[in-house]
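Quick note: residue numbers are just sequence positions, from 1. In listed order, ligands and their atoms are each counted from 1.
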Amino acid sequence: MTRAFTFPGLTTRVVFGHGTLTQVPDEVARLGRSRAMVLSTPHQQAEAQALAERLGAKAAGIFAGATMHTPVDVTDRAIAAYRAANADCVVSLGGGSTTGLGKAIAVRTGADQVVIPTTYAGSEMTDILGETAAGEKTTRRDPAIRPEVVIYDVDLTLTLPLALTVTSALNAIAHAMEGFYAPDRNPVTESLSRDAMPAFRDALPALAQNPQDKEARAKALFAAWGCSLTLGQVTMALHHKLAHVLGGSFGLPHAETHAVLLPHTTAYNEPAVGSLLLPISNTFGHGSAGKGLWHFAKSVDAPMRLADLGLTAQDLDRAADIATKNPYANPHPVTRDGIRHLLQQAFDGHCPD
Ligand code: NAD
C-alpha cells in the first residue's frame, strides 16, 4: 500500500543546463529586480566580475568576501555594501559559502536571491542557514532563507578541483542518505535521492579520469540538485549533527568532514533502517550501505581519516560528549559509547564494522 506523505511543494524556480549563466539577467528581470549585488569568494572574484559585466546596468556591484561558515561580521560588511550600492537583490555565484552569505543578507534585508551553485554541497535548495559569531556556529530554518531562483550551469563546474569534486559529492550523498530514513521524506525526495546514487557512482570515477568530462559533470550536478532538494525538505539526523559538531566546535573543513563521516554514520543507522538504505547498498555493493560507501570513497581517493583533517585523539571524548549532549531523533539509539566508537573508526579510517 502507498505510504501516506506530505509534499511541501517547491517555491524555488530552477534553471538547469550548459551555458545557463547567460540567463542570469533575464532571471533578475523576471523577479522584477534591476540592481543585483554579485557575491563570491575571493577565489571566484574574476568570475563574479565577468558576471557583473554580463548584467550590465542590472549590476549594482560586487562583494567578493564570502567565506566558510558565514561569519556574521562578513555579513554585516556585505549588507553595508549592499545598501550603499542601493541593490535590490543578490546573485550568489559559488559554493555553499557564497550561497550562505546570500541567504544571510536575504534573511536580514528581504533581498531576493538568484543562486548559481558551482559545487555539489547543496545549500541552494534549502531554507537552512548556518552562521558563526564569537566562534560559535548556529543553524536555523526559515522560509525567508530559501532562494527564489537557482541556475545550474554545468560549465561552471568544469573548474571544480578534483579533490573538492569528490568531497562535495560525498557531502551531497550524505543529504540523500539521511533523506532515505527521514520521518518527513516524500516520494519526490526519495526518487531524486535514489537516482542520485548511481549518478554519483558513475560520474566520480569518470571525473577522476577527466575532470572536463561534460557528460559526467552534468550527471553529478543533476544528482546534486536532487540531494539539495532532499536536504531542503526533510529532517536530518546523526550524520549532519556530527558534521556540525566537528565543523563548529573543532574547526574541521566542511566537505572533507562530511566525506570521512559518511560511511560511518550510514553504518551506525544500518541495523535500524537497512531496508531504507537499500538504494545505497544496491548501488555501491559490498553487502552493506556503510561498507559500500567506504570502499567507494576509497576508490575515488576521498579523505578517509578524521586524524588527517586536524582532529586529535584527545578531541574524541569531547566530540562524543557534545554530540550526545542534546537528544535528537535518529533511527538507531544515540549512545555515548556508540558515538565514541563511531568517531574512533572515522578517526582511524577503518572500514565500519
Ligand atoms: P565553498 O563554497 O567554501 O568553496 C570552497 C572553495 O572552492 C572556495 O574557494 C570557492 O570559491 C571554490 N570553488 C567553488 N566552486 C568552484 C569551481 N567550480 N571552480 C573553482 N573553484 C570553486 O565550499 P562548499 O563545500 O560548497 O560549501 C561549504 C559551506 O556551505 C559550509 O559553510 C557549509 O556549512 C555550507 N553549506 C550549507 C548548507 C545549507 O543548506 N545551509 C548546505 C551545504 C553546505
Practice item. Drop me the distance from K103's NZ to E124's CD, to the nearest 0.5 angstrom. Key: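 Spacing of NZ (K103) from CD (E124) equals 8.0 Å.
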What protein heavy atom lies closest to [atom]? Include the residue and the distance to one decimal.
atom: atom 24 (P) of ligand 1; answer: G96 N, 3.6 Å
atom: atom 44 (C) of ligand 1; answer: H254 NE2, 3.4 Å
atom: atom 40 (O) of ligand 1; answer: T126 OG1, 2.7 Å

Region of [X] that comes within reach of ligand 1 [heavy atoms, distance under 4.0 Å]:
X: R140; value: neither
X: L158; value: neither
X: L160; value: both
X: T41; value: side chain
X: L156; value: backbone
X: H69; value: both

Which of the atoms of ligand 1 are close to [X], meaning less than 4.0 Å from one of its heavy atoms?
X: L231; result: 40 (O), 42 (C)
X: T159; result: 17 (C), 18 (N), 19 (N), 20 (C)
X: L164; result: 5 (C), 7 (O)

Assess the side chains of [X] and [Y]: does a donor N or O sit below 3.5 Å from an acceptor N or O?
X: D155; Y: H18; value: yes
X: S97; Y: T41; value: no
X: T165; Y: R217; value: yes
X: S168; Y: N171; value: no

Check your understanding: In terms of side-chain geometry, is the basic nitrogen of R3 or E190 positioned less than 4.0 Å from the acidic oxygen of its partner?
Key ->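 Between E190 and R3 there is a salt bridge, with a charged N closer than 4.0 Å to a carboxylate O.
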Review point. Looking at R35 and D88, does any basic side-chain N land under 4.0 Å from a carboxylate oxygen?
Key: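 D88 and R35: not salt-bridged.
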So, regarding [X] and ligand 1 (criterion: nitrogen or oxygen to nitrogen or oxygen, under 3.5 Å), is there a contact or not?
X: T119; result: yes
X: Q44; result: yes
X: I128; result: yes
X: T118; result: yes

Practice item. Using atom types as modelled and distance alone, determine if a side-chain donor or acceptor of R146 lies under 3.5 Å from a backbone N or O of M125. Key: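 Checking the backbone N and O of M125 against the side chain of R146, a donor-acceptor pair under 3.5 Å is found.
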Practice item. Fit a plane to each ring of F284 and F296, take the angle between them on a 0 to 90° scale, and name the class: parallel (under 30°), tilted (30 to 60°) or perpendicular (over 60°). Key: tilted
Exercise for review: Give the ring-plane orientation class for H69 versus H254, where under 30° counts as parallel, over 60° as perpendicular and anything between as tilted.
Suggested key: perpendicular
Review point. Do you know which two heavy atoms are closest between V38 and L55, and how far apart they sit?
Key: CG2-CD1, 3.7 Å
Check your understanding: For the ring-ring contact (aromatic ring centres under 6.0 Å, His included) test, which of H244, H239, H264 pairs with H258?
Key ->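 Considering H244, H239, H264, a ring-ring contact (aromatic ring centres under 6.0 Å, His included) with H258 is found only for H239.
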Best match, [options]: closest heavy atom to [atom]:
atom: atom 12 (C) of ligand 1; options: M125, H240, K137, H43; value: H43
atom: atom 29 (C) of ligand 1; options: A172, P42, S97; value: S97
atom: atom 43 (C) of ligand 1; options: G232, A121, A163, P71; value: A121
atom: atom 37 (C) of ligand 1; options: S40, S123, G95; value: S123

Exercise for review: Measure the distances from the heavy atoms of K103 to every atom of ligand 1 and state whether one is below 4.0 angstrom.
Suggested key: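 Contact present.
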**Study point:** From CA spacing to verdict: side chain to side chain contact (heavy atoms under 4.5 Å, CB included), V28, C89
**Key:** CA-CA 8 Å; V28 168; C89 64; 4.0 Å; yes
